[in-house]
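Below is one structure; the comments refer to it alone.
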Amino acid sequence: MPKYWLLKSEPESFSIQDLARCPKKTTSWSGVRNYQARNYMRDEMKTGDRVLFYHSSADPTAIVGTAKIVKEGYPDPTAWDKNDDHYDPAASPENPRWSMVDIQLDEIFKTPLPLEQLRKVAALKKMELLRKGSRLSVQPVTKEEFEAVLKLARS
DNA sequence: GCCAACGTTGGC
DNA sequence: GCCAACGTTGGC
């Protein structure tokens, strides 16, 4: 049974269109520096899990497509790269501290689903993304929520 | 181990 | 740009 997730990205730094241009439409999800998000990637994400791709700090903020996990949690080497924006002096190859997964694009929605629209959907009432103050950049999504989002994208 | 100060996220 | 809602840090 696959699990379901939502990944946030600021399109100014990495958009779903950028993902479409990657070799094999695949990228490593590096740079996450939050323990809860790391734990999901390191411990719970499995190959074949499905992903909703969300554009934060965008106009409008919206779920813009889907992807899947193609490689399970492994060390994030940007953590010990001094020139990387997400450099962490406490991380090293011996003690990686941060993890990432690889994702591959499945689909870019013809029409993005903005937050405003998602808030109107009864099936998504409890979705973590829509909770006030929700900041987690890697979130679990229920099967029901994932399917409700897909249904919206096709309507 | 508490908690105030600080830094960050992210919608608006 | 504002600011609410976080998460992290570090003094004690």
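All chains are named by letter (A, B, ...) in the order of the sequence lines, taking the proteins before the strands, and each is independently numbered beginning at 1.
Residues satisfying the side-chain hydrogen bond (donor to acceptor under 3.5 Å, both in side chains) test with A:Asp18, not counting sequence neighbours, are A:Ser15, A:Arg21. With sequence neighbours excluded, no residue forms a side-chain hydrogen bond (donor to acceptor under 3.5 Å, both in side chains) with A:Gln36. Listed by chain and number, the residues in a salt bridge (Lys or Arg N to Asp or Glu O under 4.0 Å) with A:Asp88 are A:Arg97 (sequence neighbours excluded). In this view, A:Arg42 satisfies the salt bridge (Lys or Arg N to Asp or Glu O under 4.0 Å) rule with no residue, not counting sequence neighbours. With sequence neighbours left out, A:Arg131 forms a salt bridge (Lys or Arg N to Asp or Glu O under 4.0 Å) with A:Glu128. Residues passing the ring-ring contact (aromatic ring centres under 6.0 Å, His included) test with A:Tyr74: none are found, sequence neighbours excluded. Applying the ring-ring contact (aromatic ring centres under 6.0 Å, His included) test to A:Phe53 and every residue at least two apart in sequence or in another chain returns A:Trp29, A:His55. For A:Lys68, the side chain to side chain contact (heavy atoms under 4.5 Å, CB included) criterion is met by A:Val70, A:Gln104, A:Asp106, not counting sequence neighbours.
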List every contact pair, protein side and nucleotides 2-6 of chain B side both N or O, where the distance is under 3.5 Å.
none

Report all interatomic pairs (protein N or O, nucleotide N or O of nucleotides 10-12 of chain B) with separations under 3.5 Å.
{"unit_1": "B:dG10", "atom_1": "OP1", "unit_2": "A:Lys8", "atom_2": "NZ", "d": "3.0"}
{"unit_1": "B:dG10", "atom_1": "OP1", "unit_2": "A:Arg135", "atom_2": "O", "d": "2.5"}
{"unit_1": "B:dG11", "atom_1": "OP1", "unit_2": "A:Tyr54", "atom_2": "OH", "d": "2.5"}
{"unit_1": "B:dG11", "atom_1": "OP2", "unit_2": "A:Ser57", "atom_2": "N", "d": "3.1"}

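Every pair passing salt bridge (Lys or Arg N to Asp or Glu O under 4.0 Å) that includes a residue from residues 23-34 of chain A is listed here, sequence neighbours excluded: A:Arg33-A:Asp76.
Between the two ends of the helix from B:dG1-C:dC12 to B:dC12-C:dG1, each summarised by a five-pair axis, the helix axis turns through 10° (rounded to 10 degrees).
To the nearest angstrom, P of C:dG7 lies 12 Å from CD of A:Gln139. For the pair A:Asn34 CG and B:dT9 P, the interatomic distance rounds to 10 Å; values are reported in whole Å.
Backbone-only contact: A:Arg131 has heavy atoms under 4.0 Å from sugar-phosphate atoms and none from a base.
For A:Trp5 and A:Tyr54, the ring centers are positioned 6.0 Å apart or more.
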